[in-house]
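Single-structure report; data block below.
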Amino acid sequence: MELEMEKKELKAAGAEPLPNGRHGLLIRGWEIESSNRPILTSPELLLWEEKLKTSHLPEMIFGNSVLSLTHLASGTKINFNAFDALAGWKAEALPPVEVPAAAKWKFRSKPFEQVILDYDYTFTTPYGGSEMIDTNSKKATACNLYWEDCEEKINVAALTSKEPILFYDEVVLYEDELADSGVSLLTVKVRIMPSGWYLLLRYWLRVDGALMRLRDTRMHCVFEEQSFPVILRESCWREGTFNALATKGYPADTAAYNDPSLISPRLPVVKHSTQKLKLDYNP
């Protein structure tokens with residue numbers, strides 16, 4: 001009975017499952033697909049190290065996992081993948097977060113090894129997704145996609161309405177437990193409703209006793225009969241130290257900071273922006 005209801009909801013929304021066992025939907029001119037795959041193998045890791053020119057990578061990289069959203073009429077494609085995210089980490093190269101002295105020994109790979117954390121071991125990334133014109137599209141060689149700052153905002157109130165969720169998934173891109181001294185986690189969640197799609201790309205960092213950092217990228221697209229889709233992207237970077245939170249009366253215990261959604265309002269905003277995806281046509 002539940003399966004029949006799902007089929008009715010999909011049909012009523014003009015949606016259908018992707019063929020050949022793929023995970024996702026075709027809906028209102030969009031093809032949206034998610035793929036969750038195992039972590040990279042040792043040979044794959046070596047290849048990534050070579051391509052990224054680094055010997056430092058997260059403990060768990062789901063390098064073949066991806067979320068992709070393709071607007072079929074325009075060939076516009078947005079996808080989220082671990083390689084591009086780590087390329088962003090490498091390029092930004094933030095200074096390493098100072099680790100409490102009592103925890104430094106955890107980063108040793110050998111007894112009595114001197115620990116030198118001279119790189120951003122948190123794998124913080126400014127990544128906000130990868131956009132392109134699908135190479136199978138006739139417009140691929142004549143168009144350029146870019147994000148432009150705008151005054152429009154994502155209508156969060158509309159997203160809280162009791163609209164049926166036709167599809168939902170979460171894709172983990174990479175994770176590191178920072179030698180049991182915290183967590184570094186990059187995930188993307190997507191949900192599709194009859195009115196449009198919405199996603200949240202979240203980078204969450206907790207260095208126990210030192211710092212918490214949250215970088216959220218939200219995207220929203222309302223289904224409309226247009227040759228080019230209207231996609232809004234809101235990015236917000238928050239962070240705060242354990243000491244700063246303690247001075248405001250918040251707990252100093254690490255156990256109180258496991259859920260970034262609850263912690264987010266407590267962390268000061270470092271940077272915020274809202275953008276719209278634009279298409280530059282070059283005849």
Side-chain angles (χ1 to χ4, degrees), residues 18 20-25 30-70 76-94 96-97 107 109 117 119-136 140 145 147 167-192 197 199-207 213-219 233 235 237 260:
L18 293 179
N20 305 319
R22 295 157 60 202
H23 194 52
L25 289 182
W30 281 90
E31 180 180 276
I32 301 173
E33 181 177 8
S34 63
S35 176
N36 285 284
R37 298 286 184 261
I39 61 173
L40 293 181
T41 63
S42 295
E44 288 174 323
L45 279 172
L46 289 173
L47 185 60
W48 278 45
E49 288 180 358
E50 182 180 334
K51 287 182 176 180
L52 291 167
K53 295 181 172 55
T54 181
S55 59
H56 305 293
L57 287 175
E59 291 171 333
M60 292 174 283
I61 304 176
F62 298 88
N64 298 306
S65 295
V66 65
L67 170 67
S68 65
L69 307 97
T70 304
T76 303
K77 184 174 184 178
I78 301 173
N79 76 71
F80 299 86
N81 65 86
F83 186 88
D84 288 350
L86 287 170
W89 156 75
K90 186 74 164 36
E92 187 176 40
L94 290 179
V97 177
F107 285 82
S109 57
L117 297 174
Y119 68 99
D120 179 19
Y121 64 88
T122 69
F123 306 103
T124 298
T125 177
Y127 184 61
S130 307
E131 63 282 341
M132 67 199 77
I133 297 293
D134 196 310
T135 53
N136 294 320
L145 293 171
W147 293 96
F167 178 83
Y168 171 86
D169 202 6
E170 177 177 12
V171 178
V172 179
L173 298 179
Y174 63 75
E175 183 174 4
D176 195 296
E177 294 183 350
L178 308 180
D180 293 327
S181 293
V183 64
S184 169
L185 176 66
L186 182 66
T187 65
V188 59
K189 299 178 182 179
V190 64
R191 75 176 193 247
I192 306 173
W197 57 259
L199 65 83
L200 168 63
L201 174 72
R202 168 166 284 175
Y203 170 79
W204 163 237
L205 170 71
R206 190 191 72 240
V207 182
R213 178 180 291 153
L214 190 63
R215 286 185 171 183
D216 282 348
T217 299
R218 291 174 166 81
M219 288 190 196
R233 177 172 77 175
S235 303
W237 172 5

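From a predicted model like this one, the values you see are computed outputs, not experimental measurements.
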Practice item. Output yes when Arg215 and Glu92 qualify as a salt bridge under the 4.0 Å nitrogen-oxygen rule, no when they do not. Key: yes

Point to revise | Thr76 vs Glu131, side-chain contact (heavy atoms from CB on, under 4.5 Å): CA-CA, chis, key distance, verdict | key: CA-CA 7 Å; Thr76 303; Glu131 63 282 341; 6.0 Å; no

Review point. Can you tell me how far the CD1 atom of Ile32 sits from the CZ atom of Arg191, to the nearest 0.5 Å?
Key: 12.5 Å

Check your understanding: Of the non-hydrogen atoms in Asn79 and Tyr127, which two are nearest, and what is the gap between them?
Key -> O-OH, 3.2 Å

Study note, to complete from the structure: On a heavy-atom basis, the closest approach of Glu175 and Pro58 is O-CB, 3.9 Å

Check your understanding: So, the side chain of Arg213 versus the backbone of Thr124: is there a donor-acceptor pair under 3.5 Å, distance only?
Key -> no

Check your understanding: Does the side chain of Leu201 reach to within under 4.5 Å of the side chain of Leu67, using non-hydrogen atoms?
Key -> no

Check your understanding: Less than 4.5 Å apart, any side-chain heavy atom of Arg233 and any of Thr217?
Key -> yes

Review point. To the nearest 0.5 Å, how far apart are CZ in Phe83 and CD in Glu44?
Key: 12.5 Å

Check your understanding: So do the side chains of Leu214 and Trp204 get within less than 4.5 Å of each other, counting heavy atoms only?
Key -> yes

**Study point:** Where Arg37 and Phe62 come nearest, the two heavy atoms and their spacing
**Key:** O-CD2, 3.3 Å

Check your understanding: What distance separates Asn64 CG from Leu40 CG, expressed to the nearest 0.5 Å?
Key -> 6.0 Å

Exercise for review: With the side chain counted from C-beta on, respond yes when Val66 and Val171 share a heavy-atom pair under 4.5 Å apart, and no when they do not.
Suggested key: no

Check your understanding: Between Glu170 and Thr187, is there a donor-acceptor pair closer than 3.5 Å when you use the side chain of the first and the backbone of the second?
Key -> no

Revision key, fill the gap. Output for pair (Trp89 CH2, Ser184 OG), nearest 0.5 Å, gives 10.0 Å

**Study point:** Distance in Å, Leu45 CG paired with Leu52 CG, rounded so as to fall on 0.5 Å steps
**Key:** 10.5 Å

**Study point:** Side-chain touch Ser65/Val172, heavy atoms, less than 4.5 angstrom
**Key:** no

Practice item. Identify the heavy atoms of Tyr121 and Val97 that sit nearest to each other, and give their distance. Key: OH-O, 2.8 Å

Review point. Hey, does Leu186 have a side-chain heavy atom less than 4.5 Å from the side chain of Phe80?
Key: no

Exercise for review: Would you check if there is a donor-acceptor pair between the side chains of Asp169 and Asn36 at a distance under 3.5 Å?
Suggested key: yes

Exercise for review: Determine the interplanar angle of the Phe123 and Tyr174 rings, folded into 0 to 90°, and report it as parallel if under 30°, tilted if 30 to 60°, perpendicular if over 60°.
Suggested key: perpendicular

Review point. Is any side-chain heavy atom of Ser35 closer than 4.5 Å to a side-chain heavy atom of Glu33?
Key: no

Review point. Which distance, rounded to the nearest 0.5 Å, do you find between the NZ of Lys53 and the CH2 of Trp48?
Key: 15.0 Å

Check your understanding: Would you say the side chain of Thr54 lies within less than 4.5 Å of the side chain of Leu86, judging by non-hydrogen atoms?
Key -> no

Review point. Minimum heavy-atom separation for Gly88 to Pro126, with atom names?
Key: O-CD, 3.4 Å

Practice item. Please report the closest heavy-atom contact between Gly63 and Ala82, naming both atoms and the distance. Key: CA-CB, 4.3 Å

Exercise for review: Show your working on side-chain contact (heavy atoms from CB on, under 4.5 Å) between Leu69 and Leu199 and close with a plain yes or no.
Suggested key: CA-CA 10 Å; Leu69 307 97; Leu199 65 83; 3.8 Å; yes

